[in-house]
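Along the sequence shown, the residues carry numbers beginning at 1. Fair warning: this is a prediction, and the values are worked out from it, not measured in the lab.
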Amino acid sequence: MDMFVAERAARQELPAGGMIMKCEGGACTAQSYGNLWIVWQEPASFAVNPFADSDNCPTEVTGTYTNPQPRCLYVRFAI
C-alpha cells in the first residue's frame, strides 16, 4: 500500500514522474538491500542538454526516455 501511494504521488507531483524499486538478489526479503529511483523528465523549456548523462538512472529508464533525458534520485535502503 505504501509503495502504491508513493508511486501515485510521484506521478502527480513530478513531470513524467515515477518510481522504480529493485531488491538485490531479485526478491525483497528481510535482511536484504533495496534500490529506489525516483524518476522524472525535465520539461523541454528548461533546455536540458540531450547529451548529458542521466544522473543515476537505471537502464530501464535511460533506454526508454531519451528526449529530454530523464533525471533520477537514487536511494539505497535496508529492509
Under 3.5 Å, which donor-acceptor pairs do the side chains of residues 10-23 form with other protein atoms, sequence neighbours left out?
from, atom 1, to, atom 2, distance (Å)
Lys22, NZ, Glu60, OE1, 3.2
Lys22, NZ, Glu60, OE2, 2.5

Restricting to non-hydrogen atoms, name the atom on [X] and the atom on [Y] that form the minimum distance, rounded to 0.1 Å.
X: Trp40; Y: Leu73; answer: CZ3-N, 3.8 Å
X: Asn35; Y: Phe77; answer: N-CE2, 3.8 Å
X: Pro58; Y: Cys72; answer: CD-SG, 4.3 Å

Pairs where residues 16-37 contributes a residue and the test ring-ring contact (aromatic ring centres under 6.0 Å, His included) is met, not counting sequence neighbours
Trp37-Tyr74
Glu24: salt bridge (Lys or Arg N to Asp or Glu O under 4.0 Å) partners, not counting sequence neighbours
Arg76
